[in-house]
S.K.: 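What follows is a structure written as C-alpha cells; I'll ask about it next.
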Amino acid sequence: MSKYHLLWEYVQKKGAFSLILTFEEIQGIAGIPIDHSFLKYKKELMEYGYQVGKISMKEQTVSFKQIEQ
C-alpha cells in the first residue's frame, strides 16, 4: 500500500472536479509530511480517477484535478 493511500482516498471521496490542498492539510490527511518522494507516488492517483496538477512551493499547495473520461 502506498504511503499516500489515505490522501488518494480523500481526494477521490471529495468528488470535486478540482481541489487544492496545502502541504499542511496533506500532512494531516496522509499522516506524513509531503516530501520529494511525492513526485514518484503522484502517478498512483490516476487509479483513483484524478491527477496531480500544479505543485506550488511558494504557496505550499498541491492542486488535484479529476481525469475526464
Side-chain angles (χ1 to χ4, degrees):
M1 181 181 305
S2 168
K3 68 181 192 176
Y4 290 105
H5 175 74
L6 293 174
L7 176 61
W8 305 153
E9 284 187 339
Y10 176 86
V11 170
Q12 184 182 46
K13 287 179 184 174
K14 280 299 230 183
F17 179 72
S18 64
L19 178 67
I20 297 175
L21 296 173
T22 65
F23 289 4
E24 188 175 318
E25 290 171 318
I26 290 170
Q27 181 173 347
I29 295 163
I32 54 170
I34 191 169
D35 60 19
H36 189 71
S37 72
F38 183 78
L39 298 174
K40 180 178 95 175
Y41 287 97
K42 72 179 188 173
K43 62 185 170 202
E44 298 172 342
L45 184 56
M46 296 181 84
E47 296 173 24
Y48 294 81
Y50 284 81
Q51 63 187 9
V52 173
K54 182 179 178 183
I55 300 171
S56 172
M57 297 304 288
K58 181 179 178 184
E59 296 176 16
Q60 295 201 335
T61 59
V62 177
S63 67
F64 302 91
K65 187 175 179 182
Q66 193 173 41
I67 298 170
E68 296 183 37
Q69 298 176 8

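By convention here, the first residue in the shown sequence is residue 1. Here the structure is a predicted model, which is why all the values come from computation and not from measurement.
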S.K.: Going only through I, L, V, M, F, W and Y residues with side-chain contacts under 4.5 Å, is there a path from Met46 to Leu21?
M.R.: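 Result: no, two separate clusters.
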S.K.: Are Phe64 and Met57 linked, directly or through intermediate hydrophobic residues, by side-chain heavy-atom contacts shorter than 4.5 Å (ILVMFWY only)?
M.R.: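 They do share one cluster, since a chain of ILVMFWY contacts under 4.5 Å joins Met57 to Phe64.
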S.K.: What residues join Ile20 in its hydrophobic cluster, counting side-chain heavy atom gaps under 4.5 Å, either direct or through other members?
M.R.: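 Cluster partners of Ile20: none, it stands alone.
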S.K.: Quick one: do Leu7 and Leu39 end up in the same hydrophobic cluster if we chain Ile, Leu, Val, Met, Phe, Trp and Tyr together by side-chain heavy atoms under 4.5 Å apart?
M.R.: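 Linked, Leu7 and Leu39 end up in one cluster.
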S.K.: Mind checking what makes ring pair (Phe, Tyr, Trp, His ring centres under 6.0 Å) contact with Tyr4, not counting sequence neighbours?
M.R.: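 Result, ring pair (Phe, Tyr, Trp, His ring centres under 6.0 Å) vs Tyr4: Trp8, Phe38, Tyr41.
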S.K.: Show me the donor-acceptor pairs within less than 3.5 Å that the side chains of residues 24-31 make with the rest of the protein, sequence neighbours left out.
M.R.:
from  : atom 1 : to    : atom 2 : distance (Å)
Glu25 : OE1    : Thr22 : N      : 2.7
Glu25 : OE1    : Thr22 : OG1    : 3.4

S.K.: Is there any side chain to side chain donor-acceptor pair (under 3.5 Å) pair reaching into residues 45-61, and which pairs are they, with sequence neighbours excluded?
M.R.: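 Output for this query lists His5-Tyr48.
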S.K.: Enumerate the salt bridge (charged side-chain N to carboxylate O under 4.0 Å, His left out) contacts for residues 27-46, please, sequence neighbours excluded, ordered by first and then second residue.
M.R.: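 As it turns out, the salt bridge (charged side-chain N to carboxylate O under 4.0 Å, His left out) pairs with a partner in residues 27-46, which skip direct neighbours, are Lys3-Asp35.
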S.K.: Give the other cluster members for Leu6, using side-chain heavy-atom distances under 4.5 Å between Ile, Leu, Val, Met, Phe, Trp and Tyr residues; answer none if it is isolated.
M.R.: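 Leu6 shares its hydrophobic cluster with no other residue.
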